Q: 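Quick one: structure below, then a few questions.
Remember, predicted model here, so these are calculated numbers, not experimental data. The basis for the numbers below is simple: all heavy atoms, side chains too, and nothing from hydrogens, waters or symmetry mates.
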Amino acid sequence: MDALRRALGGLSLLYALIFATFALLHAGIGLGPLREPVIVPAAIVETLCAAAMLAGAYGALADRPAAWDRLLYAHATALGGVLLGMLAQAFGPGGGTTLLTWYHSTMAFVLTAGLAGAFYVSRVRR
C-alpha cells in the first residue's frame, strides 16, 4: 500500500500541474500554441482543483497520518470540478473546444481511477 500511496501522491502532483495549466489557459494566458477562451469561473474551479490535488499530494508524499483521507478528498473534489466543467460544456453556449472535451474526459477517467484506489485502501485499512 505504501507504493500505491506514493504513486497516487506523484500522480496528484501531475494532476495539480494539469489543472493549473488549464486555469492559466482559461484566464486568457496562452501557453505556446495552446489557447482557450477566457472563462473566469472555469479558471477559479481549476485553481481550487489544483489546490486540492496539491494538498492530497503533500499528505501522501510526506507520509502524513491522514494521507489516505487527503487523497480521497482531493480526488473527490477534483472529480466534482471536472464533472461541473463537463456539465457547463454540455449545456453552455458553444459546446467547447476539442482540447477541452479531451481534457475533461481524460481527467474524469484518471480521477475516478485514483478515487477507486483510495477507496480500496480505505476499505483494506479497516
Q: If hydrophobic clusters are built by linking Ile, Leu, Val, Met, Phe, Trp and Tyr wherever their side-chain heavy atoms come under 4.5 Å apart, do Phe119 and Val82 end up in the same one?
A: yes
Q: Just do the side-chain contact (heavy atoms from CB on, under 4.5 Å) check on Val121 and Arg5 with the steps written out, would you?
A: CA-CA 9 Å; Val121 172; Arg5 178 186 50 79; over 6 Å; no
Q: Output the distance between atom CG (Leu100) and atom CZ (Phe22), rounded to the nearest 0.5 Å.
A: 7.0 Å
Q: Just verifying a value: how many Å separate Leu8 CG and His75 NE2, rounded to the nearest 0.5 Å?
A: 5.5 Å
Q: Say you draw a straight line from CD of Gln89 to OG1 of Thr97; how long is it, rounded to the nearest 0.5 Å?
A: 7.0 Å
Q: Determine, using the 4.5 Å side-chain heavy-atom cutoff (strictly less than), whether Leu115 and Leu111 are members of one ILVMFWY cluster.
A: yes
Q: For the residue pair Gly9 and Ala57, what are the closest heavy atoms and their distance?
A: O-CB, 3.4 Å
Q: Restricting to non-hydrogen atoms, name the atom on Ala20 and the atom on Ala50 that form the minimum distance, rounded to 0.1 Å.
A: N-CB, 4.1 Å
Q: In Å and rounded to the nearest 0.5 Å, what is the CG to CE distance from Leu11 to Met53?
A: 8.5 Å
Q: May I ask you to test the Val45-His26 pair for a side-chain heavy-atom distance under 4.5 Å?
A: no
Q: When you measure from the side chain of Arg64 to the backbone of Leu61, do you find a donor-acceptor pair of N or O atoms at a distance under 3.5 Å?
A: no
Q: Roughly how far, to the nearest 0.5 Å, is the CG atom of Leu71 from the CG atom of Leu4?
A: 8.5 Å
Q: Search all heavy atoms of Ala27 against all heavy atoms of Ala43 and return the closest pair with its distance.
A: N-CB, 4.2 Å
Q: Find out whether Tyr103 and Glu36 are in side-chain contact, i.e. whether some heavy atom of one side chain is under 4.5 Å from a heavy atom of the other.
A: no
Q: Which one of Leu99, Leu24, Ile29 satisfies the side chain to side chain contact (heavy atoms under 4.5 Å, CB included) criterion with Leu34?
A: Leu99
Q: Establish whether Leu83 and Phe91 are linked, either directly or via other cluster members, by ILVMFWY side-chain heavy-atom contacts under 4.5 Å.
A: no
Q: CZ/Phe109 to OG1/Thr112 distance, rounded to the nearest 0.5 angstrom?
A: 8.0 Å
Q: Spell out, yes or no, whether Ile39 and Leu87 are grouped together once hydrophobic residues are joined by side-chain heavy atoms under 4.5 Å, including indirect joins.
A: no
Q: Applying salt bridge (Lys or Arg N to Asp or Glu O under 4.0 Å), name anything that partners Arg6, two or more places apart in sequence or on another chain.
A: Asp2
Q: Return the minimal non-hydrogen interatomic distance between Ala23 and Thr47, and the atom names on each side.
A: CB-OG1, 3.6 Å
Q: When hydrophobic residues are tied together by side-chain contacts of less than 4.5 Å, even through go-betweens, does Leu48 share a cluster with Leu13?
A: no
Q: To check you understand the geometry: which heavy-atom pair defines the closest contact between Met86 and Ala108, and what is its length?
A: SD-CB, 4.2 Å
Q: Can you give me the closest heavy-atom contact between Gly81 and Cys49, atom names plus distance?
A: CA-SG, 4.0 Å
